[in-house]
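Please read the structure below before turning to the comments.
Residue numbering restarts at 1 for every chain, and letters A, B, ... go by the order of the sequence lines. This is a predicted model, so every value here is computed, not measured.
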Number of protein chains: 2
Amino acid sequence: MVLASVPRRLSPGVGNSNDQTRRHNLSTVLTFLHHGGPQSRAQLTGLSALNRSTTGALVAELVELGLAYETEPADSGRVGRPSPIVHANGKVVAITVNPDIDAVTVGVVGLGGLLHHLVRRETDAVPTVGASIRIVQEVLDGMRDEIATEFRVAGVGIAVPGLVNSRDGVVALAPHLGWRDEPVAEPFAAALGFRAAVANDAALATVAESIFGAGRGVQDLVYLNGSASGIGGGVLAGGVMLRGSRGYAAELGHTLVNSSGIRCHCGKRGCLETEVNLGLLLQVLGRDSAGLDEVDALIAAVPDARPEIERQLDVLALAIGTFVSVFNPESIILGGFLGSLYEADPARLRASVNAASVVGLADPVRLERARLRSRLLTTGAAELVFADLLADPAGTVF
Amino acid sequence: MVLASVPRRLSPGVGNSNDQTRRHNLSTVLTFLHHGGPQSRAQLTGLSALNRSTTGALVAELVELGLAYETEPADSGRVGRPSPIVHANGKVVAITVNPDIDAVTVGVVGLGGLLHHLVRRETDAVPTVGASIRIVQEVLDGMRDEIATEFRVAGVGIAVPGLVNSRDGVVALAPHLGWRDEPVAEPFAAALGFRAAVANDAALATVAESIFGAGRGVQDLVYLNGSASGIGGGVLAGGVMLRGSRGYAAELGHTLVNSSGIRCHCGKRGCLETEVNLGLLLQVLGRDSAGLDEVDALIAAVPDARPEIERQLDVLALAIGTFVSVFNPESIILGGFLGSLYEADPARLRASVNAASVVGLADPVRLERARLRSRLLTTGAAELVFADLLADPAGTVF
DNA sequence: GGTAAAAAGTTACCACACACAACATATTGC
DNA sequence: GCAATATGTTGTGTGTGGTAACTTTTTACC
């Protein structure tokens, strides 16, 4: 008999008791609904590998908790008694906040991923934490009735471009916003009266793409996001987000790609983000700045930009080559202007990645552009709020 | 209220029932014993967060299964009734096999990590699978009585330097042994009559150092091993071994360190293992080959080797710098000749790593030499066997 | 239209897991 | 020798999911 493989979990963990079993099973069912959309009770039974009667009880409890509801069976066309469809309750919502240099975007996202509202409020100056809170208050004020009568707010999720300590809700450094050692979650919670959480935007984007985007169903992926502020990313390894000992893992923009390169603002030389960046791209496109939506159009419109695009693609491939041998992912997902670069010449990136990887190792790796676009950060920030609810549906009060 | 942080597990998983709770708890207790050594029942109660009576029942079941035994309480010196000491049963053993270019090493390791026997049998030629099996049979024949009367063999664990598909027990490629698409676990199991498993040696070394060596208690670490055949490694992320979608993750020797470097046998340019390697080191040490134990002595004895040592350390630091921003580990553990290199000038590596990392990110990262030395692979291969037993103590029959 | 087969909901009952509490036991400290 | 403390032991209770029998609702076919 052949045994399994290299041990996976090395640390012992703690004991489980009966209530934890129930919690786990409730969590499992609700997570299926949230990630997989409405499903019949019979499907849930199959997916969870639980008994028919158990699934029934779990769904009943979720309905009781107001987290799910059942509707008439769909016409399956198959023989046998039809199974009622179970839905995650989209009226349970997360408020999402995404502060940017020139705007604050506020969203209302329902359980199950339904986007109720998405409002972008431009600002005169780079928003402070206080200003962001005021904008959110204004937006929520505008939908006061709806929130009071229709929605149940699970909390506020804030996506910040910078180094964030999610544990205590403090932004260590967000260079573009000028935030430094700034408590964020606490003041939001205090001002709005909801639970609040803050996290790095690239990490949340990874979560969003994993659940609802190009990474659906994939257990091992690398997400790379290119923005005006540099290259960030996130890694899903074995279905688990890579965090590192202090939560600063997946700083993928500082991967070495050019050992004789120029010095990066991080102190190293030849980092990915000094070689592949939006500034250099916009320069050859003849623009000072551009929204990410415009970049695609510009790339198509300016043939002279070709050499620079190809250079950036080739350098990007070097970093991806390292990621391939380090993570052996199933998929590499490119967001922001990296998605535009990819779109400009998918074949070239594919060829360069294969050349920059251990022979054969990159062949089965999918290269893809991120799918969620404008909904990316809102979806990710909502996951931040829903995480607690999904982990313990019965125990989370809000 | 401030919510936790970025969601970790993204996929829903499956449901749990009562027997799984029991299995999990048995596994938890046995794993504590195996990793943490003999402990009192009271300590186990504390660690597992289970009730006193439950711990009692679990230990009783483990004793019943022959996987643990209890001894008289130690003199704690504290007030209160003394608690009996529970031990993992070291008579439950794994047979370990480590084929090398010029020898096959066979070990007998007990649950709890006790090394009963370690035998190295030199070979005239590079051993084939068949030859390895014959050597193991000879060695086991020599201790036939002991095995029949004293030990209970849980299985055979084989550590192979090469690309291994642990799932089906086939070695895809072990260049130094000349094995290619070679079924290994199956023939071992058939010939010896025990369950058998095979895995990559560097991955097993990572496991061993994590549990019994320099990485004890650490949840995030990078292990880098340098041998004659190149640089391999393993990564523990959040207490879980990094595996990748096909099990080929952590090919750390092929991290880019020199973008104008020479071509590596893997097809890329400027890989870590083309720049940092034992061959180049031995050259300046004036030797054709040397056991790893000799390298330390040689380094101390040949001052002229200094420039090459420093060059290799500096290049190694570049790779570590990338690993620091990618994994944000708590500890980097260096084994094989990389351990010797480190030992030659720890301060230099520390300085180079700091310079090659995002400012401040490397400061809290420990750099350490691997601790297990000659026991490394035997311990790792034994873990391969014990993994199943630890995961399901009551369900594993052997 | 009626009947059989299939699939799934429902319900009552069971096995078993851990917690809890009361009690027994073994130690220290005074 | 007694109180305090910690722990083992035992019996009881709550809650978990599984099981099996029954019911309901559908399709397929005659």
Side-chain angles (χ1 to χ4, degrees), chain A residues 13-30 32 38-65 68-86 392-395, chain B residues 13-30 32 38-65 68-86 392-395:
Chain A
V14 292
N16 267 6
S17 60
N18 268 350
D19 1 345
Q20 280 152 313
T21 299
R22 182 62 161 202
R23 187 185 315 168
H24 171 89
N25 288 346
L26 276 175
S27 163
T28 299
V29 172
L30 187 56
F32 274 123
Q39 289 167 75
S40 76
R41 237 152 87 177
Q43 280 177 291
L44 288 172
T45 302
L47 289 169
S48 66
L50 290 166
N51 191 283
R52 219 156 64 207
S53 55
T54 307
T55 306
L58 291 169
V59 169
E61 184 164 351
L62 289 176
V63 171
E64 180 97 2
L65 290 164
Y69 61 94
E70 291 184 286
T71 57
E72 291 296 294
D75 250 11
S76 70
R78 287 207 330 284
V79 70
R81 177 171 174 174
S83 190
I85 306 296
V86 191
D392 185 9
Chain B
V14 293
N16 268 4
S17 60
N18 269 349
D19 1 346
Q20 279 151 315
T21 299
R22 181 63 160 200
R23 186 185 316 169
H24 171 88
N25 289 346
L26 276 175
S27 164
T28 299
V29 171
L30 186 57
F32 273 124
Q39 290 167 73
S40 77
R41 239 152 86 176
Q43 281 176 289
L44 288 172
T45 302
L47 289 169
S48 67
L50 291 166
N51 191 283
R52 212 151 74 204
S53 54
T54 307
T55 306
L58 291 168
V59 169
E61 184 164 351
L62 289 176
V63 171
E64 181 97 2
L65 290 163
Y69 61 93
E70 292 184 288
T71 56
E72 292 296 295
D75 251 13
S76 70
R78 289 208 329 284
V79 70
R81 177 172 174 174
S83 190
I85 306 297
V86 191
D392 185 9

Please give, in whole Å, the distance from C:dA17 P to A:Asn25 CG? 16 Å
Rounded to whole Å, CD of B:Glu72 lies from P of C:dA26 at a distance of 11 Å
Taking only side-chain nitrogens and oxygens of A:Arg52, does any of them come within less than 4.0 Å of OP1 or OP2 of D:dA20? no
I'd like to know if B:Thr21 reaches the base of D:dT16 with its side chain, counting only an N/O donor and acceptor under 3.5 Å. no
Residue A:Ala42, side-chain atoms from C-beta onward, closest of C:dA8, D:dA4, C:dA5: C:dA8
Which nucleotide sits closest to the side chain of A:Pro84: D:dG8, D:dT19, C:dG9? C:dG9
Expressed in angstrom and rounded to an integer, what is the separation of B:Leu44 atom CG from D:dA6 atom P? 18 Å
So what does B:Thr45 hit on the nucleic acid, given a heavy-atom distance under 4.0 Å: a base, only sugar-phosphate, or nothing? nothing
For A:Asn51 and C:dG9, give me the distance from atom CG to atom C1', rounded to whole Å. 12 Å
Return the 5'-most residue of the pair B:Val79, A:Leu26 with respect to DNA chain D, ranking by each residue's nearest nucleotide. B:Val79
Taking atom C1' of D:dA6 as reference, at what distance in whole Å does atom CG of B:Asp75 sit? 15 Å
Closest to side chain of A:Arg81, choosing from C:dA19, C:dT28, D:dT25: D:dT25
Strictly below 4.0 Å: does B:Arg41 bring a side-chain N or O up to OP1 or OP2 of D:dT9? yes
Which residue lies toward the 5' end of DNA chain C, B:Leu58 or A:Gly80, if each is placed at its nearest nucleotide? A:Gly80
With hydrogens left out and only the distance checked, is there a donor-acceptor pair under 3.5 Å joining B:Asn18's side chain and the base of D:dT16? yes
What's the closest nucleotide to the B:Thr54 side chain, out of C:dA19, C:dA7, C:dA22? C:dA19
Can you tell me if B:Thr21 and A:Thr21 form a side-chain donor-acceptor pair at under 3.5 Å? yes
Nearest heavy-atom contact between A:Arg23 and A:Pro393 is O-CD, 4.3 Å
Where each residue is assigned the nucleotide of DNA chain D containing its nearest heavy atom, which of A:Arg78 and A:Asp19 is assigned the position nearer the 5′ end? A:Asp19
Below 4.0 Å: OP1/OP2 of C:dG9 and any side-chain N or O of A:Ser83: yes
Whole-Å distance separating the CZ atom of B:Arg22 from the P atom of C:dA19: 11 Å
B:Leu58/B:Thr54 under side chain to side chain contact (heavy atoms under 4.5 Å, CB included): CA gap, chis, key distance, verdict: CA-CA 6 Å; B:Leu58 291 168; B:Thr54 307; 4.0 Å; yes
Rounded to the Å, how far apart are A:Arg23 CZ and D:dG17 C1'? 17 Å
Heavy-atom closest pair, residues B:Ala394 and B:Glu61: CB-OE2, 3.9 Å
Smallest separation among heavy atoms of A:Val63 and A:Tyr69, with atom names: CG2-CA, 4.1 Å
B:Gln20 CD to C:dC16 P: how many Å, rounded? 15 Å
Given B:Val86, which partner from the list B:Thr71, B:Val29, B:Thr55, B:Val59 fulfils the side chain to side chain contact (heavy atoms under 4.5 Å, CB included) test? B:Val59
